[in-house]
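Per chain, numbering begins at 1; letters A, B, ... match sequence-line order.
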There are 2 protein chains.
Amino acid sequence: MARTRHVIAVDVGGTETKAALVTGTPTGVRPVKQQRRPTRHGGDAVVEDVTALVDELRSASEHPVDAIGVVVPGIVDDATGTGVYSANLGWRNYPFRSRLEASTNLPTAFGHDVRAAALAELRQGGAQGLLNAVIMPIGTGIAAALVLDGRVSTAPGEIGHVDVGHGDPCGCGQTGCVEARASSAAIARRYTQRTGRPVKGAADVARLLDSGDTDAAAVWGEAVDALAKGILLLAALLGPEAVVLGGGLALAGPLLTDPLGGRLDELTTFQRRPELRPAALGDEAGCLGAALLAIDMLEDR
Amino acid sequence: MARTRHVIAVDVGGTETKAALVTGTPTGVRPVKQQRRPTRHGGDAVVEDVTALVDELRSASEHPVDAIGVVVPGIVDDATGTGVYSANLGWRNYPFRSRLEASTNLPTAFGHDVRAAALAELRQGGAQGLLNAVIMPIGTGIAAALVLDGRVSTAPGEIGHVDVGHGDPCGCGQTGCVEARASSAAIARRYTQRTGRPVKGAADVARLLDSGDTDAAAVWGEAVDALAKGILLLAALLGPEAVVLGGGLALAGPLLTDPLGGRLDELTTFQRRPELRPAALGDEAGCLGAALLAIDMLEDR
């Protein structure tokens with residue numbers, strides 16, 4: 001039986017940084033105390049703010065803190081503890097792990113936000129018990145973390161930027177990307193383009209859909225079609241038992257999963273049709289995953 | 001340092017079954033003596049023929065035989081040692097491993113032919129040293145074995161049956177499949193459809209291409225385009241360092257890799273453009289991989 005550990009977990013997000021004092025083992029963790037603050041731009045500022053959050057939570061802890069786990073967005077090299085690239089947050093090849101170990105004097109696990117969130121969903125959330133799964137947060141963009149043979153792969157999982165044939169241009173320079181029709185941002189933008197009526201986000205479009213708005217139904221249907229075709233590719237290549245849907249769009253619940261499941265039923269031929277499951281941990285998943293990375297690191301020593 | 005093992009490896013192919021007495025360690029094996037015979041239809045017939053091949057090679061061995069490794073096509077469940085489904089060879093949920101252990105009285109490793117071939121390419125062939133790679137044999141069909149984080153994944157890797165948008169129907173029931181334009185069989189069939197001139201296979205089309213035949217160039221170009229789009233999907237989702245091309249079509253060498261590399265250069269935006277490498281082990285890869293499965297099993301005991 002693994003020892004109970006006390007760690008501090010930090011999820012550096014695009015706009016907000018979440019930190020938590022977390023207690024648990026590799027099979028399950030729970031937050032004891034939480035802190036948030038806006039994310040500043042640049043590697044040095046992030047290290048400074050993470051260090052301050054760690055100091056605050058550490059002084060609030062009843063137990064000695066064993067380690068910290070920190071996750072960031074963008075391209076991450078887990079092995080070397082490097083933030084390879086973040087366009088939004090403004091770093092390139094920034095040595096987060098070594099800087100954080102120096103500034104906090106604590107053993108530091110460092111990883112990728114989406115993959116860490118997937119680890120938490122796998123150990124104690126919507127993907128529990130699955131050997132092969134895709135964990136897909138759908139928000140401003142669409143990402144995917146791939147669980148293969150029971151482990152969260154380091155694969156990029158850029159399902160938002162595969163060409164599913166609809167022909168619309170995407171910010172990435174390609175056409176036909178899943179994200180160009182099915183991200184929350186795309187759904188809101190396309191509804192406004194079609195109707196001239198502003199909406200705050202995909203949740204507004206979901207409400208309009210539910211009230212019988214035919215423009216909302218058209219935009220939503222095209223989003224569902226793009227998502228289904230993306231999931232079909234994943235099914236052919238990876239054969240996941242389930243796709244675990246997270247992020248803002250997944251809050252639409254059956255408004256999303258009913259038509260998406262139906263479209264998958266229509267499209268599937270030889271592929272295993274993956275189950276659709278909701279993510280369970282919401283926006284805490286990244287922080288809990290960061291804690292699990294720290295605890296796994298301690299176990300491996 | 002791992003012990004040198006002596007195993008018998010059998011690769012049950014669609015038309016021919018290859019068997020070899022193999023010597024080596026997990027990092028490298030070599031065939032000592034080989035046998036071939038036509039493959040018969042059905043699980044029972046295959047077990048009977050594999051047992052006969054094992055008996056022949058066993059009596060020819062100077063060393064006691066430690067184990068056997070057997071690989072088959074179709075859908076395979078490695079964990080339970082089951083041939084889940086083969087349309088060509090006519091079995092469904094056939095318990096190969098337990099039947100072979102009973103008939104040969106030898107510890108038996110059982111696996112999938114394409115994944116086993118990939119294991120051999122990874123340990124001692126064209127994929128040596130790679131952590132993330134796709135090994136893609138192109139012949140009558142197009143398969144892919146995925147190497148992720150240094151291990152051959154059990155993922156189905158059905159890159160032949162992803163939709164890359166050309167719209168042509170495929171035998172699998174979908175349209176736009178890579179295989180419908182880029183398999184050796186499709187290249188030969190489409191050349192004949194276009195010209196009315198029969199060809200024996202894709203090698204004939206490659207020769208016509210090389211001699212300036214414009215119909216061959218058109219068919220070849222469409223094959224290259226479909227392959228490049230399939231590889232682009234793999235790059236977005238999995239980020240392989242290299243795609244290792246095998247099977248009959250890869251024998252075309254630069255006639256294939258030069259235009260394929262060029263098309264990938266054109267299509268790649270954010271993805272890491274994978275290197276293209278030739279497979280190194282030819283049609284021995286499956287047998288060598290089966291031997292490695294047997295040796296790995298012995299090491300794990």
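Considering CZ of A/Arg151 and CG of B/Asp149, their distance stands at 6.5 Å, rounded to 0.5 Å. With values rounded to the nearest 0.5 angstrom, B/Phe270 atom CZ is found 8.5 Å from A/Cys170 atom SG.
For the options A/Ala144, A/Gly165, A/Ala155, heavy-atom pairs under 4.5 Å to chain B are most numerous at A/Ala155.
Annotation for B/Gln174 and A/Gln271: closest pair OE1-NE2, 2.7 Å, computed over non-hydrogen atoms.
Residue A/Arg272 does not touch chain B at all, counting heavy-atom pairs closer than 4.5 Å. B/Leu267 touches chain A through its backbone: at least one of N, CA, C or O sits under 4.5 Å from a heavy atom, while the side chain does not.
For a heavy-atom cut-off of 4.5 Å, chain B lies close to no residue in residues 76-94 of chain A. The interface of residues 230-250 of chain B with chain A, defined by heavy-atom distances below 4.5 Å, comprises B/Leu232, B/Leu233, B/Leu234, B/Ala235, B/Ala236, B/Leu237, B/Leu238, B/Gly239.
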